[in-house]
S.K.: 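What follows is a single structure, and I will ask about it in a moment.
In this text, all values refer to a predicted model and were calculated from it rather than measured experimentally. What's counted below: heavy atoms across the whole structure, side chains too, no hydrogens, waters or symmetry copies.
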Amino acid sequence: MIKLYDYLLSVNCYKQRLLLSILDVPYERVDIDFYPGWEHKGAEFRKINPLGHIPVIDDDGYVLWDAHAILVYLASKYDPTGSWYPVSDPRRLGEVASWMLFAEGTTNTASAARLHVSLDYDFDLEACQAGAHRLFRVLDEHLWFQEQQGQEWVASGESPTVADIALFPDVALSEDGGISRLDYPALRRWTERVQRLPGFIDMPGIFPVAKAPA
Amino acid sequence: MYLATDQERSSTEYPAWSQIRESDWHILAGFWHPVAFSTELEDGPVAATLLDVDLVVYRTSEGVAVAKDLCIHRGSRLSGGWISDDGACIVCPYHGLHYDSSGQCTLIPANEPDSAPPPKTMRLVSYLAAERYGIVWACMKPEPLRPLPEWPHLDEYGPEWLRIQIPKGTWAATASRHCENFNDIAHISWVHMQTFGNRARPVVPDYTLEQTDYGLYMALPYIEVERGFNDDLGEREREVFYRHHLTYPFATDLRVDYYEDDGESFVTSHFFDIGSPVSARTTDIYQVSLTNIPGATVEDYAEYQLVTNSEDIVIVESQRPEEVPLNLAAETHIRADRLSVRYRRDLVEMFGLGSPEMVA
Amino acid sequence: MTAPEPGSLLHPVASCADLVPRHVVKARLLGQDLAVWRADDGFINVWADRCIHRGVRLTVAANDGAELVCPYHGWRYSNRSGNCAYMPAHPSDAPPRRLRVPAFRSEERYGLIWSGGSPEAEPPRLPHLEADDTLVLRALPVNVPPDLALQGLHECSYQLGPAAGDAASISCDSAGPFAVAVTARTGSTEEIVVHFVQPVDGGRCVIRPVMRGTPAAGRRLSILRHHARQLEELRARLESSAGSRVTVRGPSTALEPLPRPSTTAASGRAPQLEVSVARKWLTAEGIAAFELAPMSGQLPSFQPGAHVDVHLPNGLVRQYSLTNGPGLTSVYRLGVKLEPDSRGGSRCMHDSVHEGDTLQLSEPHNNFPLRRDAARTVLIAGGIGVTPLLAMAQTLERQELAYELHYFAQSDDHLAFGEVLEPLSTGLVKHLGLSPDQTADEIEKITHDYGAASHLYVCGPGPMIEATRAIAGGSGWPDDAVHFEYFKNESELHDTSTFEVRLARTGRTLMVGAGISLLDSLRDAGVDMPSSCEQGVCGTCMATVLEGQLDHQDVFFNDSERAAGNQMLTCVSRAAGERIVLDL
């Protein structure tokens, strides 16, 4: 069974739990003693990931770190429909890769602001917030135009991809880092669409949405 | 560029930039508030902000001390300094002036070694300081309005108890909003659905609520959902009993008894929570837990509290107005809110908080 | 001519396309944060973005199609009225009517949602646009004050429309105080875009461009992209030129919420609603159904189990339960059975009230509130007693809560509101043509296995209610799990027990009758008493007592305050003796 080195309050770990839940793949959580032990920075854990970061997965001896890389692996291996990481469609695949890189930016701005505010991490809060607004503006416009073309997800096509998972918590938890989504109505609609996916699971701080109408 | 020649050093104790109303500031300054965990002082002085006043918190051989974070010589921040080798003084990083725990300047290194000691008037703006429960407390008035919270259990506990110190959190919310939320029962079934809340049990029964010499006492049963934070016996409903001891204005000892399936034996955790008003809309949260649950670890229990906080913070930071309306008609109250109604009334009637602005 | 105050106008707050199903749009107008949402019946609500309980933003609430659910304590607020419909901490209480979220106007025009605090203002009607034939372009939030954005649009140097080409002649003209129309002409073709400016607050606005006409499908996307790009350049220019000049000021005009509908006058007296009979039909043997529509404005919302007092043309007052489910908010739907021994109530409703007639109603009252937290909910209806239970069943169905509706009637022809019963089929059990003894046997079967957190609601003829209470009690149902409403539409108000209140300052004396609160009596006498919860919790309606023994029923005072006996909450507490004197 897949082992996920995990911490409940980490957005990057949550992305894995979310995809695993949506794909209905069983896994075992290994809870990292983040505080006060800083276990992920310790020598034992660095044997697993020398960078000292979570999440890490161990899939029957195959060890992989980096949140977005793990999403790619899980979707490629465990999604029989091939739609979450669309390797057979070069154009969509390119878009997915592009938005996954974009998500590195939202993680380093929006989610970093949140860590600063809630766990007192040492980041430049104002720079993180301004950076997040720059990216959200681009993403909101993109999603608005997607809607105009009858598209619901960040990459084109009928169904969501790992890029939606990679972006989702950075956006959905942004207010916790002092980043209002007042100016991004298309982003607010998209986060609700993600929340209505079958198999969706919550993370603390994400407000529940009502069911879609029958 | 320059201050005028008739400008005095510090004309008032109330910081002019504060968004806390001046009448409220003087009242709040009369309470003890946390300014650091004791563990923060291990590597020397630290900076803190209380009621918009920048403070230095330091430990000498005499104990903990709190003063304005301002060397009276050239205004540099003492929190950037260090403790002298003999442990008796804080040393200003600019010219090395030494101050003892009372704030008295004891050494001016630039003076000839045989010159007279610094005059008695040369002292920091120091405040009352105390250390208890692993927390450094300060009071900015010479006569505290109320004593420190009386939590003897946190002073002395047997080996069956595990103490867990939660990392200090900073909430973009007022201390009273935080305090009301910590003592709010009805939200548990809605907000804490990843920790201990039970959506199937939203009803708040008529609970015990008593006024005490320290503040308020509330007691009631609840049926939590255990999700693996307090034991490993799987997700299930679990009877608990809550006892809230709220020491005015912002400190709470929440005792939770977790009943075993026999309905009689139980284990206990205490969740101590103190909000420290950094500024009008910013609050530092000091939390310490004690538990006698067999096998509990610091890491697991800290995670439990941190996840719980992350469920609350998004809600409390979204409340408008940020200030708690002390006019009771400004929000709506139901029977479940008896504690918060009593709390708001007492802040007004016992301490005079929220009094109308004086109009000339 | 001086410019109108922004607060006297309606402004756009969202585009219609923003209001997707089961969503709450976050908006801000003149410094007021707004929660904008469309209910499943199509009604658009523009509310203050603040739960009235503890101030949480309602833009994080869940829109279930008929109610918004606050995430903090699960309070539910009704479509249209904004009334609090349910408080889960106290499931057996009917929330007081005055608990409501401040609501603002909502109008649709040109593909935009318009709102504001003025009850008279209308969205603009412009010669540039046709109401039903517009293309809403991408809106753009800009961090400059509205006047700078308007000025920037007037100096608009941007090339309008990809179709017009570089040769087009561009003209800008004002289209009202908060809009600029930009026209591009090339030969005989003309392209018009009106840029509405939504004043967000002192330092920000949203430019909402609307184009006249519907472009060919193939050109639509390129037009949208062209304008989004042009506006984005304008935004960059405005924000950089405003630069340090921009300081976020408060709005010059605060947005006032809509006055409460006249049905909830500040005095708090039970007021009269004027309705017209929009539809009347025979829904079952001997049962007439009525749909009553408001003569103006919105009908007050209500909770399942509620009734209204109907003032009949013959001068009688009768109470009828509302059968409405959660989606039906535009009319009140009642059912009235013709009683053979009618003394004029049901006879008058059947014979003398016709479609198009006007009736006077009280606002809804609820003495039969429904808990939504039961493990098992059993509804038992006898004949016309089904009416309040229909409202309950539809509410439970809506929230996907399990229930059983046992409907006892003479025959199929006697089942009222078949069109409502039809979709309830899973929870509905019909019991037809049973004798009283057979009915008792059925009720015995229904109630024989009581489980914790079960609740029973019964409404019908008096003997049936009494039988049900006795049978359920015998099967172990506690009293507080059996809820009943005697269905007697001939009931008279009780006003036998009274106490006297002397108002010391004005020297007046009033009598307070049973069933009427002291608070309402004071208001009826013209005393302006503030109040909030009307449940004896918040203390807003406190009065100082000079003389007399008190029957405190609040939870506000502590024991010593209670013992002092010099203050009382007028919403729930009463005189213990015959007379009290208040310092009013």
Side-chain angles (χ1 to χ4, degrees), chain A residues 5-11 13-14 17-18 21 28-42 44-45 54 111 113-123 125-126 129 169 171-182 191 195 200-209, chain B residues 36-37 39-40 46-48 162-173 187 189-197 199 227-229 232 278 281-289 296-320 322:
Chain A
Y5 293 88
D6 192 15
Y7 184 63
L8 281 181
L9 289 171
S10 150
V11 287
C13 293
Y14 167 70
R17 296 196 300 274
L18 179 56
S21 170
E28 178 195 341
R29 286 187 66 227
V30 182
D31 205 5
I32 289 296
D33 288 338
F34 198 83
Y35 170 86
W38 304 104
E39 186 186 348
H40 55 300
K41 299 292 181 200
E44 275 306 302
F45 189 78
I54 46 174
S111 289
R114 190 173 151 267
L115 282 180
H116 173 94
V117 169
S118 54
L119 288 172
D120 212 14
Y121 267 66
D122 192 15
F123 292 113
L125 180 61
E126 282 182 27
Q129 290 171 339
V171 175
L173 291 164
S174 75
E175 309 244 349
D176 205 4
I179 301 152
S180 164
R181 295 197 293 282
L182 172 68
T191 56
Q195 286 182 261
F200 177 84
I201 49 165
D202 270 326
M203 170 155 177
I206 294 175
F207 294 107
V209 294
Chain B
F37 277 118
T39 48
E40 294 179 70
V46 294
L162 177 71
R163 178 184 186 275
I164 305 103
Q165 182 171 310
I166 312 301
K168 187 161 68 183
T170 302
W171 290 29
H187 82 289
S189 302
W190 296 90
V191 173
H192 294 299
M193 291 309 293
Q194 314 229 354
T195 43
F196 55 97
R199 185 59 57 83
R227 294 185 175 84
F229 288 104
D232 296 324
V278 171
R281 294 178 178 181
T282 306
T283 305
D284 278 347
I285 309 301
Y286 291 78
Q287 291 176 331
V288 178
S289 306
T297 67
V298 170
E299 285 79 7
D300 285 352
Y301 232 58
E303 184 177 18
Y304 182 33
Q305 189 63 46
L306 286 169
V307 175
T308 302
N309 287 345
S310 70
E311 292 175 323
D312 282 317
I313 189 168
V314 286
I315 284 280
V316 175
E317 290 186 347
S318 90
Q319 289 180 280
R320 296 291 180 277
E322 287 85 343

S.K.: Which bit of B:Ile166 comes within less than 4.5 Å of chain A, counting heavy atoms only: side chain, backbone, both or neither?
M.R.: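 Only the backbone of B:Ile166 comes within 4.5 Å of chain A.
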
S.K.: Compare all side-chain heavy atoms of B:Gln194 with those of A:Asp202 and state whether any distance is below 4.5 angstrom.
M.R.: yes

S.K.: If I take atom CD from residue A:Glu175 and atom CD1 from residue B:Ile313, how far apart are they, to the nearest 0.5 angstrom?
M.R.: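 Rounded to the nearest 0.5 Å, the CD-CD1 separation comes out at 13.0 Å.
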
S.K.: To the closest 0.5 Å, what do you measure between CG (A:Leu9) and CD (B:Glu303)?
M.R.: 6.5 Å

S.K.: Which atoms form the tightest heavy-atom contact between A:Gly205 and B:Val314, and what is the distance?
M.R.: CA-CG2, 3.7 Å

S.K.: Do B:Glu317 and A:Asp176 have side-chain heavy atoms sitting under 4.5 Å apart?
M.R.: yes

S.K.: Between B:Glu311 and chain A, which part of the residue has a heavy atom less than 4.5 Å away: side chain, backbone, both or neither?
M.R.: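 For B:Glu311, the contact with chain A is made by backbone and side chain together.
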
S.K.: So how far is it from B:Leu306 CG to A:Leu8 CG, rounded to the nearest 0.5 Å?
M.R.: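 B:Leu306 CG to A:Leu8 CG: 10.5 Å, rounded to 0.5 Å.
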
